[in-house]
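Report on one structure; see the data block that follows.
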Amino acid sequence: MRPTAIFTGLIGMVVVAGLLMAGEARLRGGTDGETASAEETATAVDSAPKAGEPAVISDDRAEVIAQSAEPAAQHPAPPSPGPTDGAAPKPADSEQPAETAARQAAGPAVKTPMELARPAVDNAGLLSFGERKLQLAGIEPTPADRICGPAGRQWPCGMMAKTALRQLLRNRSIACDVDAAEWTETAIAACRLGTQDLSAWLAENGWAEAAAGSPLAWAAEKARQAGKGLYGDDPRRR
């Protein structure tokens, strides 16, 4: 065998052996790196603070946190803007509750008429129901002993007014705007016989004068100008 061929074969074997050793070293290095990474991860997990334990911060990390917090401390947040100058704060109770506005819009409560049976006439404007008394609203009751007319022509107008109202009612039931069927002392209320308001009937026929501020003043004045009732002559002489 020639020496040159032998030398060439030896060099080839050396090259192959070197390649094999390099591949083995590379494989071994990768395994060691993975092992080191796994160990570092396990160490980080073990060093993490558990629930209820205070976190431990190294000196280097503490310094970095302190430096990042300094700008916030040096530049405090601006104060919140207050109310605009010259604008008065709106009172909390400036708005009227929806429940109070509805009550005012509805006005005073309307009383439910109550039927009262067999009224007795004390005079033209005052009725009796047993011991209870009821004065008709809007008029001044005419006393039963009132006398009308000039001297020599006087007549018992009060008794005539009482008789006129008694003949109108004839012991029939009337509807009155009272709070209850039973009351004490003297109640004042509007009463009607059917659709006829008793106070308006007395004022229109001149048998009673209108009370101060009463809406029936125009009816009483019209009766006076016409010479009706108290403002006329004795009806018995006609």
Side-chain angles (χ1 to χ4, degrees), residues 91-149 155-232 234-236:
D93 58 347
S94 60
E95 295 184 0
Q96 188 178 23
E99 186 178 353
T100 303
R103 188 183 307 112
Q104 292 181 351
V110 178
K111 296 180 180 179
T112 302
M114 190 165 296
E115 185 175 350
L116 302 177
R118 300 179 63 85
V121 179
D122 292 353
N123 58 40
L126 185 64
L127 308 177
S128 295
F129 301 88
E131 296 181 354
R132 295 167 295 158
K133 303 273 186 192
L134 187 147
Q135 178 180 328
L136 298 176
I139 60 172
E140 293 290 347
T142 303
D145 57 355
R146 178 171 175 175
I147 302 299
C148 299
W155 60 284
C157 58
M159 184 59 67
M160 293 296 294
K162 174 181 176 179
T163 302
L165 181 58
R166 181 184 295 171
Q167 290 177 347
L168 174 68
L169 297 179
R170 288 179 293 173
N171 289 329
R172 290 179 291 180
S173 297
I174 59 176
C176 298
D177 300 336
V178 292
D179 295 327
E182 300 292 335
W183 66 87
T184 59
E185 300 180 353
T186 301
I188 300 177
C191 296
R192 290 163 297 279
L193 177 65
T195 59
Q196 177 63 63
D197 184 89
L198 299 183
S199 299
W201 185 86
L202 289 172
E204 291 170 355
N205 288 277
W207 293 122
E209 297 176 351
S214 171
L216 297 175
W218 66 272
E221 177 61 22
K222 186 176 180 180
R224 188 187 68 79
Q225 294 177 1
K228 293 182 178 181
L230 307 176
Y231 312 106
D234 189 346
R236 297 173 298 178

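- The minimum heavy-atom distance between P141 and P143, with the atom names listed, is O-CD, 3.4 Å.
- Within a 6.0 Å radius of CZ in R172, more than 12 heavy atoms belonging to other residues, nucleotides or ligands are found.
- Here N123 contributes atom CG and R146 contributes atom CZ; the two are 11.5 Å apart, rounded to the nearest 0.5 Å.
- Atom CD1 of I147 sits about 7.5 Å away from atom CG of D145, to the nearest 0.5 Å.
- The nearest pair of heavy atoms linking A208 to A220 is O-CB, 4.5 Å.
- The heavy-atom pair separating A137 from A190 by the smallest distance is CB-N, 3.9 Å.
- Residue M159 holds its CE atom at 8.0 Å from CZ of R166, rounded to the nearest 0.5 Å.
- Separating the NZ atom in K162 from the OG1 atom in T142 is a distance of 12.5 Å, to the nearest 0.5 Å.
- Counting heavy atoms from C-beta on, the side chains of E204 and K222 never come closer than 4.5 Å.
- Between P235 and W155 the shortest heavy-atom distance is CD-CZ3, 3.5 Å.
- In terms of heavy-atom proximity, A124 sits nearest to W207 at CB-O, 3.7 Å.
- Taking 4.5 Å as the limit, every side-chain heavy atom of L134 sits out of range of all side-chain heavy atoms of L126.
- Under the 3.5 Å distance criterion, the side-chain polar atoms of D234 are matched with a main-chain donor or acceptor of R236.
- Panel note: side chain W183, backbone K133; a donor-acceptor pair is recorded below 3.5 Å.
- Remark: side-chain polar atoms of S199 are not paired, donor with acceptor, to backbone N or O of I139 under 3.5 angstrom.
- You'll find the side chain of W201 stays beyond 4.5 Å of the side chain of L136, heavy atoms only.
- Side-chain contact between L216 and L202 is absent, with no heavy atoms from C-beta onward closer than 4.5 Å.
- Shown are P119, C191, C176; of these, the side chain to side chain contact (heavy atoms under 4.5 Å, CB included) with L198 is made only by C191.
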Check the pair Y231 / E209 against side chain to side chain contact (heavy atoms under 4.5 Å, CB included), numbers first and verdict last.
CA-CA 10 Å; Y231 312 106; E209 297 176 351; 3.4 Å; yes
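- Put simply, OG1 on T186 and CZ on R132 are 12.0 Å apart, with the number rounded to the nearest 0.5 Å.
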Test log, rule side chain to side chain contact (heavy atoms under 4.5 Å, CB included), inputs L127 and L169
CA-CA 11 Å; L127 308 177; L169 297 179; 4.2 Å; yes
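- Between the CD atom of Q135 and the CD atom of E140 there is a distance of 7.0 Å, given to the nearest 0.5 Å.
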